[in-house]
Protein chains: 2
Amino acid sequence: MTTATHKRPASGEELAGGRRALRADARRNHEAVIAAAKKLFADQGLDAQMPDVARSANVGVGTVYRHFPTKHDLIAALVAERFERLAQKAREALQTEDAWEGISDFIRFCAQIQADDRGLCEVMGSRPDVMDAAARAAGLPELCDRLVKRAQRSGQLRRDLAWEDIPMIACGLGRITQATVGPATGRWPRLVEIILDGLRAPGSGRLPRCP
Amino acid sequence: MTTATHKRPASGEELAGGRRALRADARRNHEAVIAAAKKLFADQGLDAQMPDVARSANVGVGTVYRHFPTKHDLIAALVAERFERLAQKAREALQTEDAWEGISDFIRFCAQIQADDRGLCEVMGSRPDVMDAAARAAGLPELCDRLVKRAQRSGQLRRDLAWEDIPMIACGLGRITQATVGPATGRWPRLVEIILDGLRAPGSGRLPRCP
DNA sequence: ACTATAGCGGAATTTCGATTCCGCTTGTAG
DNA sequence: CTACAAGCGGAATCGAAATTCCGCTATAGT
């Protein structure tokens with residue numbers, strides 16, 4: 001502070017809400033960081049390092065941190081996007097001619113999306129909080145419920161299945177998509193089909209009550 | 001080294017092999033460390049810390065490290081023991097009157113043992129190497145193969161199942177036993193039964209080939 | 001009981017990754 | 001074209017764990 005301070009021009013106030021318009025380079029960097037992070041976390045899982053994200057985005061660490069105050073925030077943003085994609089798929093699944101095809105494709109998709117993204121997979125497995133928030137935000141509970149009800153109404157899905165079983169199944173599937181456990185490697189599509197067979201009506205009627 | 005060095009008495013050479021008999025307190029501590037580690041890793045997962053293991057065993061960190069040169073070694077020892085237990089269960093399962101009961105109980109047991117041990121569960125999910133070694137050492141591939149063949153011979157298990165599918169299933173189940181993912185919490189016994197339903201003969205015949 | 005060791009305890013060191021800090025650069029309004 | 005604040009880069013800091021080190025203590029053979 002040397003002499004006079006110019007009056008603040010209240011610049012870029014055109015945006016609705018409280019947020020201010022980002023400078024052009026800032027917006028560009030934001031994109032770059034997200035893109036780089038998406039790839040790194042998908043490939044290396046949650047252990048991918050912030051400095052690597054920065055490097056990979058051609059940006060300094062500081063920049064990454066201005067856009068996402070913590071690693072956790074960055075991950076949450078990525079996860080939110082993936083769950084949005086999932087919700088979209090669920091909506092499509094509700095439009096299929098055949099109800100069984102809808103729900104079974106959705107389940108296959110859950111497995112595939114995790115097979116393609118190790119980071120997502122790890123969040124599912126070890127970050128209940130993040131995942132739960134994202135799922136709710138994307139409206140997945142509601143969507144799963146509708147998928148289940150519809151397939152039950154058409155008589156193709158066992159009656160004793162509850163929508164809560166869907167995230168559970170997705171979660172279990174996620175893990176093996178990543179399994180490099182010798183004999184299990186690359187066999188996950190088989191488990192998907194086994195589970196789907198287990199879901200077909202009428203079922204054995206022995207599902208335990210949820211506790 | 002001040003004056004004369006007594007001749008080494010080549011003490012405690014009674015043990016076969018190269019290893020020397022452990023001093024009484026050393027043996028005691030070894031047990032204590034294992035016991036403490038078993039509990040800590042089961043409760044807190046692989047993130048449990050070495051200093052905590054030491055404290056919980058009433059022992060210094062140094063002592064833990066004399067018995068297990070690295071954390072990894074300690075974990076491997078614990079895992080080996082769990083897999084031994086698994087193999088034992090598999091052998092029992094081969095003795096049941098009914099073949100289906102044998103294999104289905106074994107699968108339930110795989111889930112339960114992981115539900116009770118978060119550490120084991122995490123190893124299954126993220127330490128292919130450790131897990132693979134332990135499984136082979138315990139003879140599990142062979143045992144799974146026999147369980148599968150036997151249940152197929154009796155016509156109760158779908159024909160297109162391979163023994164490699166068993167570790168895969170166990171692995172997938174392991175994860176949800178730990179899931180604290182809102183809606184999925186505590187529902188894993190349901191997934192076990194769904195999968196078992198999916199395994200019953202004759203099956204839909206659509207299992208993809210392993211790649 | 002005596003002494004050479006095996007074995008012990010736990011403070012100090014190392015390692016490594018997230019996050020902070022701050023002087024410099026650049027977009028932008030006037 | 002200028003001035004100013006928004007943004008930037010990346011070295012330096014912090015923190016958390018694993019692991020090492022070494023003087024001290026207890027065991028066991030004599």
Side-chain angles (χ1 to χ4, degrees), chain A residues 1-15 18-33 36-37 40-41 44-76 119, chain B residues 1-15 18-34 36-37 40-41 44-76 119 122:
Chain A
M1 298 180 192
T2 44
T3 47
T5 44
H6 280 236
K7 50 193 163 184
R8 300 207 225 102
S11 67
E13 205 66 10
E14 23 234 291
L15 245 301
R19 69 205 54 166
R20 163 154 334 201
L22 284 178
R23 228 164 68 175
D25 56 346
R27 185 160 38 256
R28 202 166 32 252
N29 283 333
H30 188 88
E31 296 307 319
V33 168
L40 275 183
F41 284 109
Q44 313 179 19
L46 301 183
D47 292 340
Q49 299 168 209
M50 296 299 267
D52 285 338
V53 171
R55 194 163 322 125
S56 163
N58 285 309
V59 134
V61 229
T63 300
V64 174
Y65 277 92
R66 182 155 328 81
H67 290 283
F68 301 95
T70 69
K71 181 174 182 177
H72 182 275
D73 292 323
L74 174 53
I75 290 172
Chain B
M1 297 182 194
T2 44
T3 48
T5 44
H6 283 236
K7 51 193 164 186
R8 298 208 227 105
S11 65
E13 205 65 8
E14 26 232 292
L15 247 301
R19 70 207 52 169
R20 166 154 332 202
L22 284 177
R23 229 165 67 176
D25 56 345
R27 187 160 36 256
R28 202 166 33 251
N29 283 333
H30 187 90
E31 297 305 320
V33 168
I34 288 193
L40 274 183
F41 283 109
Q44 312 179 21
L46 300 183
D47 291 340
Q49 299 168 209
M50 296 300 265
D52 284 338
V53 171
R55 194 164 322 126
S56 163
N58 284 309
V59 133
V61 230
T63 300
V64 173
Y65 276 92
R66 183 157 324 81
H67 291 282
F68 302 93
T70 69
K71 182 176 182 175
H72 181 275
D73 291 322
L74 175 54
I75 290 171
E122 292 178 6

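Just so we're on the same page: letters track the sequence lines, and every chain starts at 1.
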K.L.:
Minimum heavy-atom separation for B:Leu40 to B:Ser56, with atom names?
P.N.:
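Residues B:Leu40 and B:Ser56, closest heavy atoms: CD1-CB, 4.1 Å.
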K.L.:
Specify the residue among A:Leu22 and A:Val61 whose closest nucleotide of DNA chain D lies further upstream toward the 5′ end.
P.N.:
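It is A:Leu22, whose closest nucleotide lies nearer the 5' terminus.
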K.L.:
Specify the closest pair of heavy atoms between A:Ala36 and A:Val53, including all atoms of both residues, with the distance to one decimal.
P.N.:
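Shortest heavy-atom separation between A:Ala36 and A:Val53 comes out as CB-O, 3.9 Å.
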K.L.:
Near DNA chain C, counting only heavy atoms under 4.0 Å, which residues of residues 63-74 of chain B show up?
P.N.:
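Only B:Thr63, B:Arg66, B:His67 qualify.
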K.L.:
Kindly list each side-chain donor-acceptor pair under 3.5 angstrom involving residues 63-76 of chain A, sequence neighbours excluded, with atom names and distances?
P.N.:
residue: A:His67; atom: ND1; partner: A:His30; partner atom: ND1; Å: 3.2
residue: A:Thr70; atom: OG1; partner: A:His72; partner atom: N; Å: 3.3
residue: A:Thr70; atom: OG1; partner: A:Asp73; partner atom: N; Å: 3.1
residue: A:Thr70; atom: OG1; partner: A:Asp73; partner atom: OD2; Å: 3.1
residue: A:Lys71; atom: NZ; partner: A:Leu46; partner atom: O; Å: 3.0
residue: A:Lys71; atom: NZ; partner: A:Ala48; partner atom: O; Å: 3.0
residue: A:Asp73; atom: OD2; partner: A:Thr70; partner atom: N; Å: 3.3

K.L.:
How sharply is the helix from C:dA1-D:dT30 to C:dG30-D:dC1 bent, taking the axes over five pairs at either end and rounding to 10 degrees?
P.N.:
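Its terminal axes enclose an angle near 20°.
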K.L.:
How would you list, by chain and number, every residue that makes a salt bridge (Lys or Arg N to Asp or Glu O under 4.0 Å) with A:Arg55, sequence neighbours excluded?
P.N.:
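Result, salt bridge (Lys or Arg N to Asp or Glu O under 4.0 Å) vs A:Arg55: A:Asp52.
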K.L.:
Could you pick out which residue, A:Asp25 or A:Asp47, lies toward the 5' side of DNA chain C when each is mapped onto its nearest nucleotide?
P.N.:
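Looking at DNA chain C, the more 5' nearest nucleotide goes with A:Asp47.
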K.L.:
What is the distance from NE2 of B:His30 to P of D:dT27, rounded to the nearest Å?
P.N.:
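From B:His30 NE2 to D:dT27 P: 19 Å.
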K.L.:
Just to verify, what does B:Arg23 make a salt bridge (Lys or Arg N to Asp or Glu O under 4.0 Å) with, not counting sequence neighbours?
P.N.:
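By the salt bridge (Lys or Arg N to Asp or Glu O under 4.0 Å) rule, B:Arg23 matches B:Asp25.
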K.L.:
Residues from residues 48-55 of chain A sitting under 4.0 Å of DNA chain C, heavy atoms only?
P.N.:
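Heavy-atom contacts with DNA chain C come from A:Ala48, A:Gln49, A:Met50, A:Pro51.
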K.L.:
Grab the CZ-P distance between A:Arg28 and C:dG27 for me, whole Å please.
P.N.:
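It is 7 Å, rounded to the nearest whole Å.
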K.L.:
Please state how far atom CD in A:Glu31 lies from atom P in D:dG7, giving the value in whole angstrom units.
P.N.:
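Roughly 14 Å, once rounded to whole Å.
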K.L.:
Checking contacts here: which listed nucleotide (C:dG27, C:dA11, C:dG9) is nearest the side-chain heavy atoms of A:Arg23?
P.N.:
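Selected nucleotide: C:dG27.
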K.L.:
Just to confirm, is there a sub-4.0 Å distance from OP1 or OP2 of C:dC8 to any side-chain nitrogen or oxygen of B:Asn29?
P.N.:
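It does, given that an N or O in the side chain of B:Asn29 lies less than 4.0 Å from OP1 or OP2 of C:dC8.
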K.L.:
Out of D:dG9, D:dT27, D:dG7, which nucleotide sits closest to the side chain of A:Ala26?
P.N.:
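Of the options given, the side chain of A:Ala26 lies nearest D:dG7.
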